[in-house]
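Presented below is the structure to which this report refers.
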Amino acid sequence: MITVCDLKHAIFSHIEVLLQAYPLSERDTINVPLAQSLQHVLARPIYATLDIPRQDISAMDGFAFIMPSFGASPQTLTIIGESCAGQPFNQAITEGQGVRIFTGAVVPSACNTVIMQEQTNFSDLYNTLDKSKPYDITLQKAVIPGAHIRRQGEEVKQGELVLAVGKRINPGDISLCASLGLATLSVFKPLTVGVLATGDELIDIGLRLQNDAQIYNSNTPTLGALLQDLPVNVVDYGIIPDNLNQTRHTVAKAIQTCDVLISSAGVSVGDYDFLTDVIAELGTIHHYKVAMKPGKPFLFGEFNVTSKDISKPNVLYFGLPGNPLSTLVCCLQFVKPALWRLAGVSAADLPIQLTLEAVTTTPIKKSPGRQEFQRAYFSQNDQGTYSVQPLSSQDSHRVKQLTRANCFIVLPLEQGNIAAGEWVKIEPFSWVLG
Ligand code: AMP
Ligand code: MG
């Protein structure tokens, strides 16, 4: 059985082949308003059309003046006007004179330094001043040339590449693009991801259960939630009964339009688990079964739907085991990272899985042979150390645990039982991080 790590590598290398065969430069793009571009993947590089700052700008509230090239800084200044944010001072200024200036205001071109208001006697004078006329202030600190001035173009130079293709747009990128005045971004067209659930026992949420053998389909809503932060359009192919023809029909239909197909359940070895046969018939199974718990019967495959009528990139297939916890773990471990890469995110900008070291407060039961993802609750003490408590039962149908847990304890393949007080690796759930 393949290990979790090797399977991740295998999935990524199939995606790299796909990205070579169908380069990102040929992908369809869409324009999205900047405010809605979060988590989309940039399809065109962004070159700055402006300098930032656009001019020399004051970083402080204070006074701008001319610092002579030789000699000490002046002791007093005659203040002859103001430069406010958005309203520059445009008159001539000579040595010995200064202007009151505010943070974000343009530094008059003749001036080469700024002194902070707090380093003058301005606040002592404030109540007695008539600011419509020139007034004198005393400087209480020596000043160095260039102090408190943000230079034109020191952050961004016009023409500079500021964001490259493959950037996963984050709030910082939106801030930068907005500073450059960009109202829309060109991003890759979201991937179409088909989702289907299989099982005669399933019924969709919102409908009435018909008999005692039925259960609600919780996996499709869970997958929808897990995929929500990705640039994908999820197409729900509903619940497919445990029937070979219907399974074949739905999979054949889905792969005509989808870039990726994800199924839940029906990949075990039961008499009514038809997906494995259907995938092998319509496509290729690259990997089946992975040495992990939960989630062993996981399928990874691919469909080539090129025919004389249709030519499209291969469709990736992820067959998730039906138990709700297995579905969730496999989606987090394999599907989401793969979808980010397939969506065009550059390798350097793929989401990072945070891993921490924590002390287990109770013993952990573990048999060697599979990598385990045990649900657990971690917290941090005043000294900054993390401790973690595994939840009592680790069966893959324990859905209530998922709302109580805030991390997985990740136990290596060959690990055996662990005593209380030992260090373990944990992966906090992304949704518990602020
Ligand atoms: P299977 O992989 O079909 O053997 O299913 C494994 C277990 O997961 C069974 O107990 C199923 O009833 C359950 N299961 C399968 N699909 C779903 C689903 N969509 N929502 C909730 N439970 C499911
Ligand atoms: Mg089933």
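These numbers come from a predicted model, not from an experiment. Whatever order the structure lists ligands and atoms in, that order sets their numbers, starting from 1.
Judged by distance alone, the side chain of K157 and the main-chain N or O of G153 form a donor-acceptor pair under 3.5 Å. Of the possible donor and acceptor atoms, one in the side chain of N217 sits under 3.5 Å from a partner among the backbone N and O of N219. In terms of modelled atom types and a separation under 3.5 Å, the side chain of D349 and the main chain of S346 share no donor-acceptor contact.
N219 ND2, 3.3 Å is the protein heavy atom nearest to atom 17 (C) of ligand 1. Shortest contact from atom 7 (C) of ligand 1 to any protein heavy atom: N323 OD1, 3.6 Å. Atom 11 (C) of ligand 1 has E201 OE2, 3.1 Å as its closest protein atom, hydrogens excluded (heavy atom only). The protein atom (non-hydrogen) at minimum distance from atom 13 (C) of ligand 1 is G322 O, 3.9 Å. Of the protein's non-hydrogen atoms, the one nearest atom 20 (N) of ligand 1 is S218 N, 3.1 Å. From the protein, the heavy atom lying nearest to atom 19 (N) of ligand 1 is N217 OD1, 2.9 Å. With hydrogens left out, the protein atom closest to atom 22 (N) of ligand 1 is I215 CD1, 3.6 Å, a heavy atom.
Taking the six-membered ring where tryptophan is involved, the planes of F298 and F318 are tilted, since the angle between them lies from 30° to 60°. Using cut-offs of 30° and 60° for the angle between ring planes, the F300 and H286 rings count as tilted.
Residue-ligand proximity: G199 is placed with every non-hydrogen atom at 4.0 Å or more from ligand 1.
Residue Y216 approaches ligand 1 through these ligand atoms, each under 4.0 Å from one of its heavy atoms: 20 (N), 21 (C). Near S268, with a cut-off below 4.0 Å to any heavy atom, the atoms of ligand 1 are 2 (O), 4 (O).
Looking only at side-chain heavy atoms (C-beta outward), I426 and T355 stay at 4.5 Å or farther from each other.
For the residue pair Q333 and K8, a side-chain donor N or O sits within less than 3.5 Å of a side-chain acceptor on the partner.
The proximity of D273 to ligand 1, defined as any non-hydrogen pair under 4.0 Å, is limited to the side chain. No part of T327 comes within 4.0 Å of ligand 1, judged by heavy-atom distances. Contacts between A265 and ligand 1, counted as non-hydrogen atom pairs separated by less than 4.0 Å, involve both the backbone and the side chain.
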Practice prompt. Decide yes or no on salt bridge (charged side-chain N to carboxylate O under 4.0 Å, His left out) for D56 and R150, but give the supporting numbers first.
Written response: CA-CA 6 Å; D56 288 357; R150 297 174 183 156; over 6 Å; no

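Distances between N or O atoms of P324 and those of ligand 1 include no value under 3.5 Å. For ligand 1, the polar-atom distance check finds no N/O of T220 at less than 3.5 Å from any of the ligand's N/O atoms.
With respect to the salt-bridge test (charged N to carboxylate O, under 4.0 angstrom), the residues E16 and R341 qualify.
Residues that satisfy the side chain to side chain donor-acceptor pair (under 3.5 Å) test with T257, not counting sequence neighbours, are Y237.
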